[in-house]
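I have placed the structure first, in the form of structure tokens, so that the comments after it can refer back to it.
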Amino acid sequence: MAGITLQNISKSFGATRVLRDVDLDIRDGEFLTLVGPSGCGKSTLLRIIAGLESQSGGHVAIGGRAVDQVRASERDLAMVFQSYALYPHLTVRQNIETPLRLRDLNAWERLPLLGLLSAGRAAKMRRLRAQVAETAEILKIEELMDRKPGQLSGGQRQRVALGRAMVRKPAAFLMDEPLSNLDAALRVHMRSELAELHRSLATTFIYVTHDQSEALTMSDRMAVMMGGEILQLVTPDEIYHDPRDLRVAQFIGTPQINVFDAAISGGQGVTVNGVPLAAEVTGDGDLAFVAVRPEHLTLLPADGAGQPLTVTLKENLGADFFIHGHIGDGAAPVIVRATPAEAADVAIGSVCALAPLNAAEVMAFGRDHARLDLVMTGAPAAVLERV
Amino acid sequence: MIGYNTPFSTAAKHAVLIIGALIVILPFYIMATYSLKDPIEITSGTGGVFGKQEAFLDPGCVQSGNAKEDCLFNPIAYNYGQAFSKAPLLRYLFNGVVVTLSIFFIQVLVALPCAYALSKLRFWGRELVFTMVLLGLLIPVHAIALPLYIMLSKVGLTNTYAALVIPWTISVFGIFLMRQFFMTVPDDLIDAARMDGMSEFAIVWKVMLPTAIPALLAFGIFSIVAHWNDYFWPRVVITGTRELFTPPLGIREFASGIDGSDYGPMMATACVIVVPLIVAFLLAQRRFIQGITLTGMK
């Protein structure tokens, strides 16, 4: 168990800068997720922590110990790969045993026949087998132990890969999209199992994914990465409700957050698509966008007091409906989350009305994507006149 | 018309394949059938496939002063008996096994780490080195045979096993084949081994070698066939002692003696030399084809 500190980590492949001065402080025992679109540098960052890739600049420390010059095998970390990377020629038992043998037996004891002659080997092997058995029991893979990886299903391989990582009781687990090769149902199931495992092991987990639902459900804290930078590092709740960057707001949340053009008119007053909003921007910042989560938009009947919304698509998700449409002449696409009751009389092609924005649920962003603070003017649920 | 076969086109395809097969099989047929016949049947071209198997009189035997009755032989017994007695064929076979296996063993020892470095390690000049490997594939052995011979003789290694083995220990083809196979091994597997604490050498022998068995078998067949059948190089470096002759050199023992070539025993020797390879190929056929198609692991 150990905290991990990254200082000014940068990485370039040739002329391409993949990571730009990343600082990251991972607490002991924390489940931290690195999430971002593909190519954002999250896997590279994980590989730098693992020691599989060397950074172009900056420092890595694990448990207070600088490990910049330390080989991957000596960092006391375990990694679970997207492809599981099990040794195809070894049985499950041998796969799980391998890291222990390499750590606990010396070169002499590992020799095929001569090793049997060495004195302490038997005791070591007994201890090692006990550890393997214990791991197998935790992961419920005891009946698979004599099979080869080729004879296992994706989910089973996943467990074996976890077992191989766990058996060493490493300082931290590194996981590189471990669930992305599983089918949807199994992925949801493994999500809860991983979170459970983290609770019982109480070890640091660093988890890389491009799947925001994995990040939101499992992590203590999540870091949203884009273009080789960490845009925001807070709890999943805060990321969702209080994104500090428009790109974070757009990346997290399904369906995607609605973004409207906004401007300041007459002093500090905000207008969205030309409609005034009962709020003012405090401080400096060049207001350019206003964003609203789909669940914070409300549909009104067609004759309601609101902007007309032409419906282009209606998605049924059972508990909810996603209504896709656009305001006016198609300039601004909008997604509204509606209850089945609200969506009942919405037909594709019809025009209904979008209730005026509630200033309390609106986030404002500057032209540089940075979040701007809004102060409401008027009543909290102030509504606007229809234009 | 793609994929549509008329009876005529099918027949034409088969005819071409049958003619091709006959051309390939004919020498083998002659080899096998000559090894069963007596000299008169061979020279006169009679006796069908198996010969009449009548006892014949060996003139050489009579000349050395034996009674006529003692010089009557069954052709098969005579041919194969001569093959093993006139020349130490078992010794030649043993030499062949020692040489081909040593060559293959050392080739693997060299090719696997090279292929691993060329496919999985990043270092400055890797592409250049690989280009040189490819260039190496283009150099025919015969072009460098003389310099090689001179070098070996300067260090006094001609007429030794070493002379038969050393020039072949670095197989450019082996490095190339294994490199192509290693390219298909996922990087994650190697990273996992590194995380588990394996050194790079351990990765080569404990992770890459077991996954590369199909490719290795294919390479093994290429290597063993090439060196088992090689006549040229042993003929160059083994000049004195018959002790070190490899099987193909053994065939020469029967060629153009004072009383002409002794075809029966010669072909019997050839059969004995060829059979181990054919058996080995049939046993490893499936693996061999797997290796050639280079289907990597998923």
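So that the names make sense, note that chain A is the first sequence line, chain B the second, and so on, each numbered from 1. Quick caveat, the model's predicted, so the values are computed rather than measured.
- Heavy-atom contacts from other residues, nucleotides or ligands closer than 6.0 Å to OH of B/Tyr161 number more than 12.
- Annotation: B/Tyr231, atom OH; neighbour count of heavy atoms from other residues, nucleotides and ligands within 6.0 Å is above 12.
- Neither the backbone nor the side chain of B/Ala202 comes within contact range of chain A; no heavy atom of the residue lies under 4.5 Å from a heavy atom of that chain.
- When only modelled atom types and interatomic distance are considered, B/Asp196 and A/Thr98 share no side-chain donor-acceptor pair under 3.5 Å.
- Around the CZ atom of B/Phe201, the shell of radius 6.0 Å holds no more than 12 heavy atoms that belong to other residues, nucleotides or ligands.
- The two residues B/Met195 and A/Arg168 make their nearest non-hydrogen contact at O-NH2, 3.3 Å.
- One finds the CG atom of B/Leu189 at 9.0 Å from the CZ atom of A/Phe81 (value rounded to the nearest 0.5 Å).
- No part of A/Arg75 comes within reach of chain B, as not one of its non-hydrogen atoms sits under 4.5 angstrom from that chain.
- For A/Arg71, the part lying under 4.5 angstrom from a heavy atom of chain B is the side chain only.
- In B/Phe232, the CZ atom is crowded: over 12 heavy atoms of neighbouring residues, nucleotides or ligands sit closer than 6.0 Å.
- Proximity to chain B (any heavy atom under 4.5 Å) is shown, for A/Ala50, by both the backbone and the side chain.
- Your options are B/Ile190, B/Asp191, B/Val207, and the one with the most heavy-atom pairs under 4.5 Å with chain A is B/Asp191.
- Put simply, CE on B/Met198 and OH on A/Tyr87 are 3.5 Å apart, with the number rounded to the nearest 0.5 Å.
- Atom CG of B/Leu134 is surrounded by more than 12 heavy atoms from other residues, nucleotides or ligands within 6.0 Å.
- A/His89 contributes atom NE2, which lies 8.5 Å from atom CG of B/Leu209 (distance to the nearest 0.5 angstrom).
- Comparing A/Ala165, A/Ser73, A/Ala78 by heavy-atom pairs within less than 4.5 Å of chain B, the highest count is held by A/Ser73.
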